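Notes to accompany the following structure.
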Amino acid sequence: MISVIIPTYKSPEYLDLCLQSAIEGQQNKNQIIVVVDGFYDINKEVLIKWKDHIDVLDLHENSGLCRATNLGVYSARYDKILIVNDDNVFPRFWDSTLMDIWEDGAVISPNQVEPYPSMFPQFIIENLGTTPAEFDLEKFWLFDYHYASGDKQEECGSTLPIFMKKIDYIRLGGWDENYDLGMVADWDFFLKCQLSGLKMIRTWNCHFYHFASASTNGEKRQQAEFIGHKYAEYKWGTNIKHNPKNNVKYI
């Protein structure tokens, strides 16, 4: 069984689709934790809609993506955790598919499909919808089935979603809560994973759709990313660098 952690802010239409795909696409009854990072009333209708299938962790006030994710992981009942953004869509049979390729000592990143060109060359670029209203879940599930390759995996992970052991996440300290809006916190975490000796695996046996940071676009995101890189430089003594060929993070 898997504990899924989905931090959410104020994008109920994305959360609704995310939960629908997670719940209707699973083969087992996994734990699905929705961490409401403030703005409960905005998300209330969606949370009530899926209340019989999810655990809700209400933070009551906006505490930031990193803290929300960490608290969600601490609440996980199972030793295997899957951290997913609320603007992701799950593939059909995601749980059994991921369990089939589980590996101790690894951080597994299922590949992603995005509507726009990406900095990650491993992603599949296919516009299946830029908003939940125009997205066809069944069409995506057929798309994933067509592109899924159960025997293809490489050590070029280091992108969300991530599937790993809860204890490994906790040993590494999880997301560093000092990163503004969570920008660069993922690079920081993946760097810690690599330095600790965990394998950073990408699998093509299933794909998650990603609407590409729907809730943090624009000038605010750019400013937070700039601040994040400055904090990383302060923390590590230099900038965290990224190798686009294998997604390795290094300093």
Side-chain angles (χ1 to χ4, degrees), residues 1-8 14-37 50 53-57 65-114 120 122-123 137 140-141 144 148 150 153 156-172 174-175 182 185-186 189-190 192-193 198-211 213 247:
M1 303 293 278
I2 300 171
S3 288
V4 182
I5 294 89
I6 306 173
T8 195
Y14 290 93
L15 177 63
D16 186 29
L17 178 59
C18 180
L19 291 177
Q20 179 188 357
S21 63
I23 293 162
E24 295 180 1
Q26 65 184 349
Q27 289 195 294
N28 300 299
K29 189 171 176 56
N30 301 280
Q31 182 188 26
I32 300 174
I33 305 170
V34 180
V35 188
V36 184
D37 188 18
W50 300 107
H53 306 277
I54 62 175
D55 294 338
V56 177
L57 180 59
L65 174 65
C66 294
R67 182 163 178 76
T69 304
N70 288 340
L71 292 174
V73 172
Y74 301 153
S75 300
R77 287 198 302 266
Y78 301 117
D79 65 332
K80 296 177 178 65
I81 60 169
L82 176 65
I83 299 173
V84 182
N85 288 319
D86 65 357
D87 59 350
N88 271 128
V89 183
F90 288 68
R92 179 179 275 151
F93 309 142
W94 58 269
D95 52 346
S96 58
T97 304
L98 289 175
M99 289 296 288
D100 283 344
I101 52 97
W102 171 259
E103 182 177 337
D104 280 340
V107 179
I108 299 171
S109 295
N111 202 33
Q112 290 200 120
V113 180
E114 288 192 345
F120 301 105
Q122 298 85 9
F123 286 5
L137 181 57
F140 166 61
W141 280 351
D144 170 62
Q153 54 181 263
C156 61
S158 299
T159 59
L160 287 160
I162 51 174
F163 182 43
M164 64 185 299
K165 267 192 173 179
K166 175 180 177 177
I167 190 63
D168 287 338
Y169 182 94
I170 292 173
R171 281 172 179 155
L172 292 171
W175 298 123
D186 52 348
F189 181 73
F190 295 140
K192 291 189 292 185
C193 290
L198 294 174
K199 292 173 64 177
M200 309 303 291
I201 295 175
R202 176 175 305 280
T203 178
W204 279 261
N205 71 338
C206 67
H207 302 80
F208 281 65
Y209 194 77
H210 185 222
F211 288 101
S213 302
N247 295 331

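On a predicted model such as this, the values are computed, not experimentally measured, just so you know. Note that these values count all heavy atoms, side chains included, but never hydrogens, waters or copies made by symmetry.
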Return yes if some donor-acceptor pair links the side-chain N/O of Ser3 with the main-chain N/O of Gln31 below 3.5 Å, else return no. no
Option among Ile162, Leu160, Thr69 that satisfies the side-chain contact (heavy atoms from CB on, under 4.5 Å) test with Phe189: Ile162
Lys166 side chain reached by Val73 side chain, heavy atoms, under 4.5 Å: yes
All heavy atoms of Cys193 vs all of Met200, minimum pair found to be CB-SD, 3.6 Å
Where do Ile32 and Gln26 come nearest, in terms of heavy atoms and distance? CD1-OE1, 4.2 Å
Verify, without hydrogens or angle tests, whether Asn30 (side chain) and Ile2 (backbone) share a donor-acceptor contact under 3.5 angstrom. yes
For Val84 against Pro7, the heavy-atom pair lying closest together: O-CD, 3.5 Å
Taking all non-hydrogen atoms of both residues, which atom of Gly174 and which atom of Lys192 are closest, and how far apart? O-NZ, 2.9 Å
Restricting to salt bridge (Lys or Arg N to Asp or Glu O under 4.0 Å), what partner residues turn up for Glu24, sequence neighbours left out? none
Asp144 side chain vs Arg92 backbone, donor-acceptor pair below 3.5 Å: no
Quick one: does Ile170's side chain get under 4.5 Å of Tyr74's, heavy atoms only? yes
Nearest heavy-atom pair of Arg202 and Gly157: which atoms, and what distance? NH2-O, 3.2 Å
Quick one: side chain to side chain contact (heavy atoms under 4.5 Å, CB included) partners of Asp186, sequence neighbours excluded? Trp175, Phe190
What residues, two or more places apart in sequence or in another chain, satisfy ring pair (Phe, Tyr, Trp, His ring centres under 6.0 Å) together with Phe93? none
Closest heavy-atom contact between Leu98 and Cys206? CD2-SG, 4.0 Å
Kindly say whether Tyr14 contributes a backbone atom to a donor-acceptor pair with the side chain of Asp86 at under 3.5 angstrom? no
